Amino acid sequence: MTDKTFTNDIAISSRIRLARNLKNECFPSMATDMQLLNVSNLVSDCVASSEKLVSQKFRFYEIQNMTETQRQSLAESRLISSELGKHAHSGAMINDENSMSIMINEEDHIRIQAITQGFDLFGAYRKAEAADDILQDKLDIAFSEKYGFLTCCPTNLGTGMRAGVMVHIPAIIMQNNLSNIIKIATASGLEIRGAYGEGSVAMGDLFQISNRVSLGMNENEIVHSIHEFTKEVIKTERQARNQLLITREDEIKNEVHRAYGILTHAHMISTEEAMKLLSLLRLGTDVNLIDNVDPKTVDRLMTEIQPATLTLRYRIRTDAKSRDLLRAQHIKTALNYR
């Protein structure tokens, strides 16, 4: 159930990822091509034979048969990881709603990922758990009574779960308070990273709150801890926004309207600049400083303007100048500027 105490102006999406491996099969990094092919066939056949999963209309993407741009676009949409494709016979099964993906032969044999919109971590958990139950019924999953689910990386041992909420926290950034939030998260066994996970650069004031380890806690405890910490981050961001409107309303309003002006008039714009301006525009819609922009449009644009996604949409040349030109036009069209 979505947390009714909080609207989705700050929490953009929630995600649960479960890492699983097949018993008596080498981890992908040590497996032969034939072993990886066997894993791929077993997992894809399992999904295809489950009525509950088939009803979600999964499509199989064989990573080795995709272009780099196609792979990057799926990563930009957070449907696969940037690591998928390092091993032979890797792939992803993605449902029609883009709310669930099952990655095959990434770091682990199986990565189940469920995504929900807004602050709905428990909803994402229920979806991932249902898919996990189906796979465990049909496949021999590697599990230890002592260590839990066996995974390639020790930090995923135990539940094999990585849970996360993506939050938009521009006011916390403006008040230079992110480092304090990170310290509190670290002390709580959590971490705050860029929107695309480990090693990613934070753009658009978007960050992921997630657990660092999964050993020693059960799944409900992990989900609950992230849920409660995210509630505190949302409260902090909301307080920061209120304070900014009291102490710097004219300045913030000016920045928001300047952002709108540039986004609706720029002839060329880079991904980094567009994300910065879209973040300000999103803030403006949330605190009622601008009323002619739908926040859902801003959220959609933050994905649509990414390099690979933009390239695939318009089938343009892949040089940066062409993308910057088209990105500016795409934003203007989406914001209904004439």
Side-chain angles (χ1 to χ4, degrees), residues 12-13 15 57-85 90-101 103 113 115 117 166 168 194-197 199-206 208 256 258-285 290 292-338:
I12 306 299
S13 63
R15 184 184 69 164
K57 298 180 181 178
F58 279 86
R59 178 180 176 183
F60 183 72
Y61 294 82
E62 190 171 357
I63 301 301
Q64 275 69 32
N65 290 336
M66 299 175 69
T67 66
E68 177 60 31
T69 301
Q70 290 172 324
R71 293 196 295 268
Q72 186 181 343
S73 178
L74 288 178
E76 288 172 353
S77 298
R78 302 178 185 86
L79 293 171
I80 67 171
S81 71
S82 58
E83 301 298 309
L84 188 64
S90 60
M93 307 190 76
I94 303 173
N95 69 355
D96 268 4
E97 296 180 350
N98 289 340
S99 61
M100 179 169 289
S101 68
M103 289 179 278
Q113 179 175 265
I115 305 167
Q117 297 304 306
M166 186 167 69
H168 178 230
Y196 294 98
S200 65
V201 176
M203 290 194 298
D205 300 320
L206 296 172
Q208 280 192 67
V256 168
R258 279 180 175 272
Y260 179 75
I262 295 172
L263 289 168
T264 55
H265 286 80
H267 184 62
M268 297 174 62
I269 192 166
S270 68
T271 307
E272 292 76 13
E273 182 182 12
M275 289 293 286
K276 178 181 178 181
L277 296 174
L278 286 169
S279 174
L280 284 168
L281 191 59
R282 183 63 154 82
L283 174 62
T285 65
I290 192 166
N292 61 333
V293 177
D294 186 345
K296 292 182 180 179
T297 298
V298 181
D299 293 345
R300 191 181 73 248
L301 279 172
M302 285 184 169
T303 297
E304 291 178 351
I305 65 167
Q306 299 302 317
T309 302
L310 195 69
T311 298
L312 284 181
R313 186 185 187 95
Y314 291 99
R315 300 179 182 179
I316 59 170
R317 299 191 308 274
T318 57
D319 60 283
K321 181 179 179 181
S322 296
R323 289 196 301 270
D324 290 353
L325 285 164
L326 195 56
R327 183 178 293 109
Q329 184 57 51
H330 181 76
I331 292 172
K332 283 186 279 191
T333 300
L335 294 178
N336 295 317
Y337 182 78
R338 301 287 189 269

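The chain is numbered in sequence order, starting from 1. Here the structure is a predicted model, which means the values were calculated and not measured.
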Shortest non-hydrogen contact from Ile305 toward Thr271:
O-OG1, 4.1 Å
Scanning both residues in full, the closest heavy-atom pair of Ile94 with Leu79 reads CD1-CB, 4.0 Å
Kindly write out the residues that satisfy salt bridge (Lys or Arg N to Asp or Glu O under 4.0 Å) with Asp96, not counting sequence neighbours, or none if the list is empty.
none
Looking at every heavy atom in both Ile80 and Ala92, which two are closest together, and how far apart are they?
CG2-CB, 3.7 Å
Against Leu335, only a single residue in Asn292, Asp294, Thr264 fulfils side chain to side chain contact (heavy atoms under 4.5 Å, CB included); can you say which?
Thr264
Below 4.0 angstrom, N of the basic side chain to O of the carboxylate: do Lys296 and Asp299 qualify?
no
Is it true that the side chains of Glu76 and Thr303 contain a donor and an acceptor less than 3.5 Å apart?
no
Mind listing the closest non-hydrogen atom pair of Phe60 and Met93 along with its distance?
CD1-CG, 3.6 Å
Of the non-hydrogen atoms in Arg327 and Ala274, which two are nearest, and what is the gap between them?
CD-CB, 4.1 Å
Identify, with sequence neighbours excluded, every residue that meets salt bridge (Lys or Arg N to Asp or Glu O under 4.0 Å) alongside Arg300.
Glu304
Atom CD1 in Ile331, atom CG in Leu326: separation rounded to 0.5 Å?
10.0 Å
Please confirm whether the backbone N or O of Ala266 pairs with a side-chain atom of Lys332, one donor and one acceptor, at under 3.5 Å?
yes
Any donor-acceptor N/O pair, Ser279 side chain to Met275 backbone, under 3.5 Å
no
Once you round to the nearest 0.5 Å, how far does OG of Ser82 lie from CG of Leu74?
12.0 Å
Measure the OG1-CG distance between Thr69 and Leu310 for me, rounded to the nearest 0.5 Å.
11.5 Å
Distance in Å, Thr309 OG1 paired with His330 NE2, rounded so as to fall on 0.5 Å steps:
9.5 Å
Nearest 0.5 Å, what's the OG-CD distance between Ser77 and Gln72?
10.5 Å
Return the set of residues passing salt bridge (Lys or Arg N to Asp or Glu O under 4.0 Å) with Glu97 (not counting sequence neighbours), or none when no residue passes.
none
Can you give me the closest heavy-atom contact between Arg71 and Met66, atom names plus distance?
NH1-O, 2.8 Å
Tell me whether Ser73 contacts the main-chain N or O of Gln70 through its side chain, where contact means a donor paired with an acceptor under 3.5 Å.
no
Counting only N and O atoms by type, is there a donor-acceptor contact under 3.5 Å from the side chain of His265 to the main-chain atoms of Gly261?
yes
Side chain of Gln113, backbone of Arg78: donor and acceptor closer than 3.5 Å?
yes
Verdict with reasoning, Leu277 to Ile269, per side chain to side chain contact (heavy atoms under 4.5 Å, CB included):
CA-CA 10 Å; Leu277 296 174; Ile269 192 166; 3.9 Å; yes
With a 3.5 Å distance limit and no angle check, can you tell me whether Thr311 reaches the backbone of Pro307 through a side-chain donor-acceptor pair?
yes
In this structure, CD1 of Ile115 is separated from CE of Met100 (nearest 0.5 Å) by 9.0 Å
Do the charged groups of Glu273 and Lys276 touch, with an N to O distance under 4.0 Å?
no
Donor-acceptor under 3.5 Å (Gln306 side chain, Met302 main chain):
yes
